Every structure is written in structure tokens, then in C-alpha cells.
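To keep things clear, I will list the structure first and then write my remarks on it.
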Amino acid sequence: RDPTRKVIIKGKQPRIKKMKYLNQFELHAMLADLDLGAEASWDWLILLISKTGLRFSEALGLTPDDFDFAHQTLSVNKTWDYKNGGGFVPTKNESSVRKVQLDWQLIMQMSGLLKDLPHDKPIFVHGKVYNSTANDVLAKHCRNVDVPVISVHGLRHTHIAAAVRRRIDRQRVTPSRPCQHDYNSGNLSARHSRAGKQGCRYRHAGTIDTYLMGGSYSFQIFEIIEPL
């Protein structure tokens, strides 16, 4: 007898996974929609996080003194406690204290924006700050150019994915360190170590230890054998 006869399979259809990052084409389209006026704004904050991969609180904690235009670097050494009324507080951990290299275009843009601002005051804080406000502004720009709507923290994911892609082109990447998110860019993917989902058949080809945006990551490198 067939033990599967009259068996009814129950369950819910899985939800469509919300996109948490933009690819480079989508990112450039969104950045082109920003209104970068003469004064510091959410649009300027979105540009800066997109180019540097800073956390939201790290970007809020920046002052003009943190920019070294001569050496094209940005010092991340504090954050802004926007959840508890404001004020400078230490970074998330010791490894988050770092210098971030800036490209020449961002250097030119930021030097013009900061030239008349108080050197030791937060650039982007003007009263009470809400993460949801920045997310709403970013969502508006995403919709304007018809790209997936992501959060401001998603810009950090986008930046990390791009950094991984620049380091390891056309190889599959899986983080052995627990990671909360999937990073996919072209033929690259850094997946949650416990996700158990495979996009193709592959074989292990080595390990790379790297430091990205205030965090240490160990990436297991795999060669694609047969894409599914």
C-alpha cells in the first residue's frame, strides 16, 4: 500500500524576502536622486553612509574635526546616543574605532559642506533625531528611481557587499563568523552561516580574514562548480 495516499501537506507559503541592500547600479541611481544643498541634511547623511559604510549612530556622531582632508581619511571614534536623548558615547566596541579612507569626490563635497560649521559639533544633529526619519527619506529616493526600498542600515550592507566584491571577484563567499544578513553582488554571496541555503554546487578553496567597517570577518572561499 502507498503510505502517502490521501496525505495532505499543510503550511504557509514563505514570505517574499525583503531586500536589504542595493547593487551598484541601483545605488548609483539612488545617489543621483539626492538633493545635496548647501546645508547638512538627511540626503548628505545618506551619501556619507553609502560611501563609508558607517553605522547610523557613528555618522550622527561625526564632527568636522573628524575629517582629515589632507590625508583623505575620516576618524570614527564616538557615536551619538540618539535613542536616549543625545550626547556623545563610545563606539559599539573597540574595533569600531577606526580610520575610513574617503574617495576624492566625497572629500571635495564634504570640504565644501563643512567649511563654515563649528569644528566640534555634530554635523547632522539638529534637535531630536529619529532613525525612522532617515529611513523615510531614503525610501522616498529609492521609490523615485524605482529601486528596492532599503533602510539606512541597509546602506552599510550595500557597502560591505561592494567591498567584498572588490576583494574577491567572481568567487562565492560565505562568512564563518555569525552574520545576520545575506550580502549578494553579482556572482558574490556572503550568506548567514546558519542559513543552510546553497545557491549552487561548490568546493572549498580557502579562507580569507579581513577587516571591514569596524568588524573582523573570516570568509570561507568556494569555487563555483555548477550554478543551479
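Values in this document were obtained by computation on a predicted structure and should not be read as measured data.
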Exercise. Among the clusters formed by ILVMFWY side chains lying less than 4.5 Å apart, do Leu31 and Ile107 turn up in the same one?
Worked result: yes

Exercise. So which heavy atom on Pro64 is nearest to which on Leu114, and how close?
Worked result: CA-CD1, 4.2 Å

Exercise. Tell me, do Glu39 and His126 make a side-chain contact under 4.5 Å, heavy atoms counted?
Worked result: no

Problem set entry | Over 12 non-hydrogen atoms of neighbours within 6.0 angstrom of NZ in Lys92 | no

Problem set entry | Pairwise distance CD(Gln109) to CG(Asp103) - rounded to 0.5 angstrom | 8.0 Å

Problem set entry | Same apolar cluster: Leu113 and Met108, side chain cutoff 4.5 Å | no

For this session: To the nearest 0.5 angstrom, please state how far the CG atom of Asn23 sits from the OG1 atom of Thr158.
Result: 8.5 Å

For this session: To the nearest 0.5 angstrom, please state how far the OH atom of Tyr130 sits from the CG atom of Asp136.
Result: 13.0 Å

For this session: Could you check whether the rings of His153 and His157 sit parallel, tilted or perpendicular, using 30° and 60° as the cut-offs?
Result: perpendicular

Exercise. Who are the side-chain hydrogen bond (donor to acceptor under 3.5 Å, both in side chains) partners of Asp146, not counting sequence neighbours?
Worked result: none

Exercise. Under 3.5 Å, is there a donor-acceptor pair between the side chain of Asp81 and the main chain of Gly86?
Worked result: no

Exercise. Which heavy atom of Tyr82 sits nearest a heavy atom of Ser57, and at what distance?
Worked result: CE2-CB, 4.0 Å

Problem set entry | Inter-residue atom distance Leu22.CG - Ser50.OG, 0.5 Å rounding | 8.0 Å

Exercise. Between Asp65 and Thr63, is a side-chain hydrogen bond (donor to acceptor under 3.5 Å, both in side chains) present by the stated rule, with each step listed?
Worked result: CA-CA 5 Å; Asp65 276 349; Thr63 69; 4.9 Å; no

Seminar exercise, completed: Nearest heavy-atom approach of Glu26 to Pro148 is OE2-CD, 3.4 Å

For this session: Kindly check if the number of other-residue, nucleotide or ligand heavy atoms within 6.0 Å of NZ (Lys128) is above 12?
Result: yes

Exercise. Going by distance alone, is a donor N or O of one side chain under 3.5 Å from an acceptor N or O of the other, for Lys99 and Ser75?
Worked result: yes

Problem set entry | Pair Asp66 + Lys78: basic N to acidic O under 4.0 Å | yes

For this session: Assess whether atom CD of Gln101 is packed by more than 12 heavy atoms of other residues, nucleotides or ligands within 6.0 Å.
Result: yes

For this session: Could you state whether Val100 and Leu48 fall into the same hydrophobic cluster, counting links through intermediate Ile, Leu, Val, Met, Phe, Trp or Tyr residues with side-chain heavy atoms under 4.5 angstrom apart?
Result: yes

Exercise. Between Trp44 and Phe124, is the gap from one ring center to the other below 6.0 Å?
Worked result: no

Exercise. Hey, what do you get for CG (Leu155) to CE (Met30), rounding to the nearest 0.5 Å?
Worked result: 5.0 Å

For this session: Could you state whether Val89 and Leu60 fall into the same hydrophobic cluster, counting links through intermediate Ile, Leu, Val, Met, Phe, Trp or Tyr residues with side-chain heavy atoms under 4.5 angstrom apart?
Result: no

For this session: Take Lys51 and Gln105, measure what side chain to side chain contact (heavy atoms under 4.5 Å, CB included) needs, and give me the verdict at the end.
Result: CA-CA 10 Å; Lys51 292 292 189 77; Gln105 185 178 26; 3.9 Å; yes

Seminar exercise, completed: Heavy atoms of Pro122 and Trp80 approach each other most closely as CG-CZ3, 3.5 Å

Problem set entry | Matching residue for Leu74 among Leu54, Asp68, Leu106 - test: side chain to side chain contact (heavy atoms under 4.5 Å, CB included) | Leu54

Problem set entry | Ring geometry between Trp42 and Phe56 (parallel below 30°, tilted from 30 to 60°, perpendicular above 60°) | parallel

Problem set entry | Among Thr79, Asn77, Thr52, Ile123, the one residue meeting side chain to side chain contact (heavy atoms under 4.5 Å, CB included) with Leu62 | Ile123

Exercise. Are side-chain N/O atoms of Asn93 and Ser96 paired as donor and acceptor at under 3.5 Å?
Worked result: yes

Problem set entry | Between Asp43 and Ser41, a side-chain donor and acceptor under 3.5 Å | no

Exercise. Between Gln72 and Leu102, is there a donor-acceptor pair closer than 3.5 Å when you use the side chain of the first and the backbone of the second?
Worked result: yes

For this session: Let me see the working for Leu138 and Ile150 under side chain to side chain contact (heavy atoms under 4.5 Å, CB included), right down to the final yes or no.
Result: CA-CA 7 Å; Leu138 176 57; Ile150 64 170; 4.0 Å; yes

Problem set entry | Phe69 CZ to Met110 CE distance, which is reported to the nearest 0.5 Å | 6.5 Å

